[in-house]
Amino acid sequence: MTSQPDEGGLGRRGLLGVGAAAPFLAPRQAAAQPAPPSLPLKERPDMTLTLHINGKAHPLTLDPRVTLLDALREHLALTGAKKGCDQGQCGACTVLLDGHRVLSCLTLAAMAEGKEVTTIEGLAGADGALHPMQQAFLDHDAFQCGYCTPGQIMSAIGCVQEGHAEKPEQIREYMSGNLCRCAAYPNIVEAIQAAKPQMGRA
Amino acid sequence: MPEGMIGQSPVRVDGRAKVTGTAHYASDMAVPNPAWAFLVTSAIARGRVTEINEAEARQVSGVLDILTHRNMRGEVQDAGFFAGGGYTSTTMRPLEDDRVHHDGEIVAMVLAETYEQAREGAYRLHVHYAEENPAAGFDAEGAELVSAKDASKGSFEDPAVGDADAALATAAVTVEADYATPTQHHNPIELFTTTASWENGRLTILEGSQYVHGLRNGIAAQLGMDPSLVRVESPFIGGAFGSRGSLTQRTALVAVAARRLRRPVKLVATRDQGFTIATYRAETRQHVKLGADKDGKLVALVHEGVEVTSRPDPYKVAGTQTTCRMYACPNIRTKVSILHADRNTPGFMRSPPEVPYMFALESAMDELAVKLGMDPIELRRVNDTMHEPIKGLPYTSRSLMQCFDRGAEAFGWKQRNPEPRSMRDGDWLVGVGCASTIYPTHLGAATARVTLTPNGHARVQTAAHDIGTGTYTVVAQAAAEGLGLPLEKVVVEMGDSELPPAPVSGGSNVTASVCTVVMQACEQIRARLAAAAQDGPLKGRDPATLRLVDGTLRAPDGTAEPIADAMGRASNGAIEISAENIPKGLPPDSLKKLYQGRQALGAGLEGKEVAMAAFGAEFVEVRVHSRTAEVRVPRLLGAFAAGRIVNPRTARSQLMGGLIWGMGGALLEATEIDQRRARYVNDNIAEYLIAVNADVPKVDVLFVEEEDRQVNPLGIKGLGELGNVGTNAAIANAVFHATGKRVRELPIRIESLL
Ligand code: FES
Ligand code: FES
């Protein structure tokens, strides 16, 4: 539940124990209590940084509050990673950071500097050949609307590489951070089982 | 093998785009130099905005403008409530005045150069309220109960037949119980987003929509524009489930903002705002009485329901329309009422009427079976009927018992011990349950344009939508079959209001409505080619017998001419056909309403001559921990009969998703409401529980073959909403079997079983 406004820079996020860039809760000010004192207005000079994404370097000038997800989507036109909650609850924004799956909505762009970011756009070969996980999702109809799919696929690759795809029960458990409202779950598990033997272990 | 493409299981034609991240959903579509919008929503459910202090917000660097009722009054006109023949999800006009009608109502929109600045500006906008005591819903002081009949001003009658109360008084066996279902939110994973831009007086809206023609006409009415000056694009939709079926408040605000700023404006509403700026499934309370003779034959059914709605809008789902037609019964009385409270207006959510009301009926049927000492499947068998009991109209087809028999066999229903609490596996109490499922076969007028090029490629254009349903794929299959082409040679364009109108992607109508009109266009192309074939190798053949098969125009004797040659005779270039169809039984003004973007579905159970519906039987196994009362569902199985299945692969996914939805609805999902302040409490998808992968070990979907050419020429019944109807009751019935405890209020949680 949202109540008190969070001033974008400081505030309750530490108390809530959520990651660094969250929660971007909507402002719904509590009515009965007096408005909380505002933090002083702060100038936030843009920062320059370079992100390495899918093997390419991208120099950027960004507001320091920009998340990795928004940097990809709004500043680099890499809209494969999706925003489903912006709060670390759905997994639609999952990308790989140095090979490990992370929620890009809970990762500030600045935190990705010096690391290799892999997004859904970076999976297929230059010849257009699909990554085995992409092909398996296609073959097993492991999606319906497709909105959670880039996150599911990145997470599935992470799951296999972590060694958490040994048994269906384990896949179900380790893929439960990626919500699919269309509920393609059984097909997602089948797809991961099918793709796993075709993926070289990282 | 193109012939017979309908009924095959190609992978989704849009699948590659979806697995590579190149499918562009509304907020993925680039616009030049957008300004960003961020909403401020009300902190009270009822009262007035007394003061809006903008000073601090306006000092935030990058903030460009702030929309509030002070500068917006009169900007957005009334476009009519969608359920009353208009366009909008609510009659509350956005930022029209200082009144607050519900929790989380939009009270301001902050516009800035960047998303981060707009968000900070929104946090620094100080809104003050005069709060009045709100009514949250049931049992709240000030909530106003009205019968649906009165609220509808004569357009709704509670269905009834015979004398149910007299029959109950003399029935050999009766059951009577109260049931309750909770508030639920669609929570598609794509957030509610809108991008608007203007160019030379023309407005373009990018927004995930289930009805681009409705959105276009609605926004035009709100802004006093000619609809031809509005374009709505929605090529991909990240889930909808009813939430994107009508025009919500945000769209007009974004459009006005873009006009004021003279640049595109982009809004990505937050997840919690999505709970209050769109619609939801309202909570219900229901009362059911069943009377039967000693063999289980129903003699009386009474079904009464109360549904919550907003103050101004008489929204209802009235699932009694379905439950009263489920079984043979000579005496039926129903009544639906609505309760006006200080809430946002509810709306369609996947199987809107059937989910809550069939939970009550199918739970009561199970209770009756227990009381009779009868197998619940046999109880359904003795009450099965080929005529709906209210008007006695025949079902065009109804394979309910075939579904039960197939499902029971595959599930191993016979192995159960009917005694409650009799089955155990270690610490787990094991239960099995079943329930009927039904979804009416709705149809709508539709239009499509099909173009066949001289080199044998086809383009299908229709403003339908693929909300995950597989529409791109099934429409391509229909055209491939109709034109005798391989699927790869068919391109389908949808989700754009510039295309010929197609109905709302709701009521599970689209596969039937749109494939039918596409096939008609293909038939006209065939007829043209056949008529022109007389001076070629097919000379002398009756044109009516020539068919398009395997890239040729072919006579029954096997003589064939390649399509390209036939095309050369019939036309100098491509052949383009526009077709319009009004399904049999729908009023003639359906097409006019479609062009106006109004909701105009028909058929289903309330037709004049026949009743049309898809049926199914759902089976579940539950395990309830004997000490912690945790409920798990190791198995879900559904057997479904839905006429002709265009693509078993995508159909299976729809039904599987539906079964899982039903499971989530039974055990997990509920929007909690602070009863004192009428505000949603768990307005995020960590605390609003959606089924996750670990909740769903095994789901089986079986198709029971059904041939029904009366529903429509292709024999298609919709199935997008069939899967999640029976599941709630099947799970509650299984929980009873496992524990001996009957839970009549959803969701069933640990606390329900302690
Ligand atoms: S958008 Fe990052 S977890 Fe939902
Ligand atoms: S495919 Fe729609 S949310 Fe997963």
Side-chain angles (χ1 to χ4, degrees), chain A residues 1-2 5-8 24-32 35 38 41 43 63 65-66 70 74 77 79-80 82-87 89-90 92 119-121 124 130 134 137-139 141 143-150 153 172-173 175-176 179-189, chain B residues 11-12 15-16 18-21 23-25 28 30 39-41 43-44 56 59-61 104 114-116 119-120 122-124 126-127 129 131 187-191 236-239 268 270-273 467-468 649-650 653 656-657 660-661 681 683-686 690-694 696 699:
Chain A
M1 173 175 151
T2 57
D6 177 8
E7 298 290 348
F24 294 142
L25 303 175
R28 289 166 62 186
Q29 293 139 348
S38 294
L41 282 164
E43 274 312 309
D63 184 313
R65 295 169 293 184
V66 173
D70 286 334
E74 308 301 339
T79 54
K82 300 293 185 236
K83 187 179 281 190
C85 67
D86 222 10
Q87 292 178 324
Q89 299 173 341
C90 74
T119 72
I120 191 79
E121 290 92 344
L130 295 179
Q134 292 173 308
F137 267 64
L138 192 55
D139 294 341
D141 209 38
F143 52 88
Q144 293 177 43
C145 77
Y147 197 80
C148 72
T149 309
I153 289 175
R172 286 196 284 270
E173 199 62 41
M175 286 300 291
S176 279
L179 299 184
C180 177
R181 187 52 157 159
C182 301
Y185 299 126
N187 293 1
I188 291 171
V189 175
Chain B
V11 299
R12 289 172 197 259
R16 191 182 165 95
K18 286 179 175 175
V19 300
T20 52
H24 285 163
Y25 300 79
D28 301 340
L39 299 175
V40 179
T41 56
I44 63 167
E56 193 181 317
Q59 279 170 36
V60 173
S61 87
T114 71
Y115 175 66
E116 292 74 21
R119 186 180 63 208
E120 183 177 356
Y123 290 136
R124 293 182 185 275
H126 300 293
V127 183
Y129 305 92
E131 188 174 11
N187 278 312
I189 301 297
E190 182 188 14
L191 296 166
F236 289 95
I237 300 103
V268 177
T270 61
R271 175 56 63 181
D272 60 298
Q273 289 169 346
I467 54 177
R649 177 197 302 263
T650 52
S653 287
M656 180 182 81
I660 297 168
W661 257 63
V681 178
D683 54 359
N684 60 75
I685 48 178
I690 291 169
V692 300
N693 207 322
V696 193
V699 183

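In what follows, every chain begins at residue 1, and chains take the letters A, B, ... in the order their sequences are listed.
For B:Val696, the parts lying near chain A are the backbone and the side chain together; criterion is any non-hydrogen pair under 4.5 Å. Neither the backbone nor the side chain of A:Ala77 comes within contact range of chain B; no heavy atoms are under 4.5 Å apart. Heavy-atom distances place the side chain of B:Tyr25, and not its backbone, under 4.5 Å from chain A. If you measure heavy-atom distances from B:Ile189 to chain A, the contacts under 4.5 Å come from both the backbone and the side chain. Proximity to chain A (any heavy atom under 4.5 Å) is shown, for B:Leu191, by both the backbone and the side chain. In this structure, chain A has heavy atoms under 4.5 Å from both the backbone and the side chain of B:Ser653. The contact between B:Ala686 and chain A is made by backbone and side chain atoms together, counting heavy-atom distances below 4.5 Å.
Within the 4.5 Å cutoff, the side chain of A:Leu41 has heavy atoms near those of the B:Arg124 side chain. Two residues are said to be in side-chain contact when any heavy atoms from C-beta on lie closer than 4.5 Å; A:Pro186 and B:Ile660 meet this criterion. Side-chain contact between B:Glu190 and A:Cys145: absent, with no pair of heavy atoms (C-beta onward) separated by less than 4.5 Å.
Pairing each heavy atom of B:Thr20 with each of A:Ile120, the nearest pair is C-CG1, 3.8 Å. When all heavy atoms of B:Ala694 and A:Ser176 are compared, the pair lying nearest together is N-OG, 2.9 Å. In terms of heavy-atom proximity, B:Ala691 sits nearest to A:Leu179 at O-CD2, 4.5 Å. The two residues A:Glu121 and B:Gly21 have their closest heavy-atom pair at OE2-O, 4.4 Å. Among all heavy-atom pairs drawn from B:Asn693 and A:Met175, the shortest one is ND2-CB, 3.9 Å.
To the nearest 0.5 angstrom, A:Lys82 atom NZ is 3.5 Å from B:Asp28 atom CG. Atom CZ of residue B:Arg119 and atom CG of residue A:Asp86 lie 7.5 Å apart, to the nearest 0.5 angstrom. The CD atom of A:Glu74 sits 10.5 Å away from the OG1 atom of B:Thr114 when rounded to the nearest 0.5 Å. Put simply, CE on B:Met656 and CD on A:Gln144 are 6.5 Å apart, with the number rounded to the nearest 0.5 Å. Rounded to the nearest 0.5 Å, atoms SG (A:Cys90) and CG (B:Asn684) are 11.5 Å apart.
Of the residues considered (A:Asp63, A:Val66, A:Ile153), A:Val66 shows the highest number of contacts with chain B, using heavy-atom pairs under 4.5 Å. No other option in A:Gly80, A:Cys180, A:Ala184, A:Ala183 has as many heavy-atom pairs under 4.5 Å with chain B as A:Ala183. Of the listed residues (B:His24, B:Glu116, B:Arg649), the one with the most heavy-atom contacts under 4.5 Å to chain A is B:Glu116. Put simply, of B:Ile237, B:Val699, B:Val19, the one with the most heavy-atom pairs under 4.5 Å next to chain A is B:Val19. Ranked by heavy-atom pairs under 4.5 Å with chain A, the first of B:Arg271, B:Arg16, B:Lys18 is B:Lys18.
Proximity of a side-chain donor or acceptor of B:Trp661 to a complementary backbone N or O of A:Arg181 within less than 3.5 Å is detected.
Both cation-pi conditions hold for A:Lys83 and B:Tyr115: the charged atom is under 6.0 angstrom from the six-membered ring centre and inside a 45 degree cone around its axis.
Evaluation of the ring pair (Phe, Tyr, Trp, His ring centres under 6.0 Å) rule for A:Phe143 yields no partner, not counting sequence neighbours.
At a threshold of 4.0 Å, the pair B:Arg12-A:Asp141 counts as salt-bridged, since one of the basic side-chain nitrogens sits closer than that to a carboxylate oxygen.
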